[in-house]
Amino acid sequence: MRQSALPMHCAYITVLCTQAALVFAFSSSSAYVTLSSRKFIGHITTKFSAVQAASVPSAESIAVELEDTISTTTTAPSERRILLLEKVDELLSSGDQTINQNILAKISLDVENDVRWAKETPLPFETDHSNHVIGDDYSETKEQTIEYEPISVTTSSTESFPATTIALRTKPSTPLLIQNETTVLREAVETYWKHLSSTENNDASSKSRFTYQRKGNSEAHLSDIVRYYEQHHYGEEKQKQVSALVDKLLLDRVYPWVRDAFLSKEDESNGDLYVYDAIFIRYNATEAENIGAGQPLHRDLGYVSVNIMLNSQDEFDGGGTFFENQLLPVVLNGGDGTSNDIQPLKPLGPGHAIAHYSSDRHAGSATFDGVRDILVLFVAAAAAERAPKWEVAARLKSKARSYCSDASSIDEQLLCRVRHHRLAIKQVPSDGEAWHYLGMALLDFRSYEVTLPHQQQDCTKNYSILRLAISCLEEATTYTPCDGRLQNNLGIAWERLFEYHQSREKENEMSTADLSRLLDSIAESFSRSIQIHTLCKQVGCDVNTDYESACLNYGLFLSKLDDFEGAIDILSLVAANYEESKDTDSGAVDASRVLRDASNLLGFCKRQIQK
Ligand SMILES: O=C(O)CCC(=O)C(=O)O
Ligand SMILES: [Fe+2]
């Protein structure tokens, strides 16, 4: 009851509906494409003939607007952000503050509900010392300040250039759990799992809320385990041991560490730390499919994620946590695309941990052999007055779609999404994900507008929205340059601009320089997306669908330019997987459609060359 009424997603994959593959359909005499996988967006032909024949701005105004682009290289970041947001606000006519206030009130209510829910779990809040008596068993482990060190990457060979911290790691002297403590916890989970499998379990609270249901992954919520021991009086001693250990772990080690390492730098008072969710995860390579046991790239909900290793590296091959930002040196320095020195991060050994901002995109790299056990704690803060900005932003982004679904019309729905991401940026102006989603919401809005009957269209406005969407996506790349989906979406957005200019061929010959700049931008975005996904794959991160989409999009783009050889090179990277995917039942419908389209397009390109 309680759980089902409340959101309890420990993590979320950031799904973007327009993070589309351009779906290719082929017939014997002509090729055509429709855009988008989940949603109909538009219709173009191979040669970019007119998409729309509505009234259009003059050639002169187009030229001015192209020059007018808010450049990510020449304008100061803060000034650029202000200019962009002013344009978004104009579109939203956001003088209407009550709409914003209503959205924020809804978000606050969600936060309050989650805090209330967390209070009812047996996991202590930071200031709960008095209610949670640490058991005798653990009093001998002296209270000790957790020592830690950063794991960083350097993006410049200049020594004065600051390194970027990816995560923090506990030092050898202070693991979060000593050996017999990891044993107690692992045994407790085993016992709990046995109990679940031996009983016909209809209790909603013990049903899985794990986001990544995938072969080879098992999980158990820490609160359910503690509660299980409390409720089943599983030998008085045992019960005391498990809850005392969890209390000690949180109150004496995790909270002080998180506060010292992450919150002491914050300028706002963030209130009481608590565990938003905590899960044991077992990755079992034997049960997993051939891609290994792991989790795709995602962000966690919460402020800081603490990932504790529970068993020795001798017991498994692969594994570890991979962070997108580990690619910064390659992506920012235009590296050669190899990642020999990029390895998923691992704590020093069992009982040790790494901690990172929950909003940094990361993945559980594939465990290829054996079993890897971890305990992940998602730590958040229950502020007395209002939720911390980062939490409001995270919720605005993750709720945008569902909260906007009941708007009265499609364009209201789309603008509502724009508004959510705009508000998220107000909370955290450097939130790359919010800029990405804002850009995509604008792109969807513009795509919807161009499907309206011509007399209802305002072509100048459509064009400005497209430019604005592109600028927001570009802004996102300054904060999250290693997001391969973002690069793919930017490629799609640039292509829309190219199509727009193609459709206006008669009125306005685009200058050769502008045209070639645009074509370069499209190719650069798609190839960067492919490069990033390739690197992610090399470190055991499951990005197959995104990789295939980027290859299809790039191949399609090249084939539309009649560069069939280039398209064949790119499409060959994935088309062979189509035959394989037909033999397995693992592929999602969208994924196999992308592969099928890549395979069909490859055949088409080959025939064009033979002609
Ligand atoms: O396998 C890992 O290390 C990543 C775990 C993780 O990201 C999560 O559970 O949210
Ligand atoms: Fe995670």
Side-chain angles (χ1 to χ4, degrees), residues 7-15 151 166-170 176-177 182 185 189 208-225 254 258 262 275-285 287-288 291-313 315-326 342-380 390 394 397-398 433 483 536 539-543:
M8 260 319 280
H9 303 294
C10 62
Y12 62 105
I13 303 189
T14 43
V15 180
I151 310 174
I166 305 290
L168 302 178
R169 172 167 60 193
T170 51
L176 291 187
L177 295 165
T182 49
L185 281 182
V189 189
S208 174
R209 297 182 299 257
F210 194 31
T211 322
Y212 306 115
Q213 297 293 350
R214 194 161 123 172
K215 273 190 191 160
N217 294 5
S218 321
E219 47 84 23
H221 289 260
L222 186 61
S223 54
D224 288 343
I225 293 159
V254 172
V258 170
F262 293 89
V275 169
Y276 173 78
D277 199 1
I279 38 176
F280 282 91
I281 301 172
R282 170 161 294 176
Y283 297 107
N284 185 334
E287 288 173 15
I291 51 169
Q295 290 188 50
L297 281 164
H298 63 278
R299 292 178 171 88
D300 300 325
L301 283 178
Y303 185 50
V304 172
S305 304
V306 178
N307 185 321
I308 309 175
M309 184 172 185
L310 292 179
N311 64 334
S312 157
Q313 182 70 66
E315 295 175 35
F316 60 93
D317 280 342
T321 318
F322 167 69
F323 294 83
E324 187 173 85
N325 279 344
Q326 289 181 255
I342 300 174
Q343 297 296 333
L345 304 187
K346 290 177 184 171
L348 289 178
H352 278 280
I354 56 174
H356 58 91
Y357 286 110
S358 304
S359 57
D360 286 347
R361 236 165 137 238
H362 61 282
S365 283
T367 297
F368 291 113
D369 196 20
V371 165
R372 170 177 177 238
D373 281 353
I374 55 172
L375 170 60
V376 191
L377 306 158
F378 305 107
V379 178
W390 42 268
K397 290 180 287 176
S398 72
E433 188 187 38
D483 186 336
C536 291
V539 288
C541 174
D542 174 11
V543 287

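Whatever order the structure lists ligands and atoms in, that order sets their numbers, starting from 1.
- Per-residue contacts place R372 under 4.0 angstrom from the following atoms of ligand 1 (heavy atoms of the residue considered): 1 (O), 2 (C), 3 (O).
- In summary, of the residues considered (L375, L310, I308), a side-chain contact (heavy atoms from CB on, under 4.5 Å) with T182 occurs for L310 alone.
- For the pair F316/D373, no side-chain contact is recorded, criterion being any heavy-atom separation below 4.5 Å from C-beta on.
- Every atom of ligand 1 with a heavy atom of V376 under 4.0 Å away is listed here by number and element: 9 (O).
- Every residue two or more places apart in sequence or in another chain that forms a side chain to side chain donor-acceptor pair (under 3.5 Å) with T321 is listed here: N307.
- For the pair D277/H221, a side-chain contact is recorded, criterion being any heavy-atom separation below 4.5 Å from C-beta on.
- The shortest N/O to N/O separation between S365 and ligand 1 does not fall below 3.5 Å.
- Atom numbering of ligand 1 starts at 1 in the shown order; those under 4.0 Å from a heavy atom of I281 are 9 (O).
- Near Y283, meaning under 4.0 Å from one of its heavy atoms, ligand 1 places the atoms 1 (O), 2 (C), 4 (C), 5 (C).
- Within the listing of ligand 1, atoms 6 (C), 7 (O), 8 (C), 10 (O) sit less than 4.0 angstrom from a heavy atom of H298.
- Between V371 and E315 the shortest side-chain heavy-atom distance does not fall below 4.5 Å.
- By the ring pair (Phe, Tyr, Trp, His ring centres under 6.0 Å) test, F323 is found to be paired with H356, H362, residues two or more places apart in sequence or in another chain being considered.
- Within H298, the N, O or S atom lying nearest to the Fe ion (ligand 2) carries the name NE2.
- When the N, O or S atoms of D300 are ranked by distance to the Fe ion (ligand 2), OD1 comes first.
- Of all atoms in ligand 1, listed by their number and element, those nearer than 4.0 Å to a heavy atom of F378 are 10 (O).
- Under the 3.5 Å distance criterion, the side-chain polar atoms of S365 are left unmatched by any main-chain donor or acceptor of G319.
- Shown in contact with D300 at under 4.0 Å from a heavy atom are these atoms of ligand 1, numbered in order with element: 10 (O).
- Judged by distance alone, with hydrogens and angles left aside, the side-chain atoms of N217 form a donor-acceptor pair with the main-chain N or O of G294 at under 3.5 Å.
- Counting atoms of ligand 1 from 1 in the listed order, those under 4.0 Å from a heavy atom of I374 are 1 (O), 2 (C), 3 (O), 5 (C).
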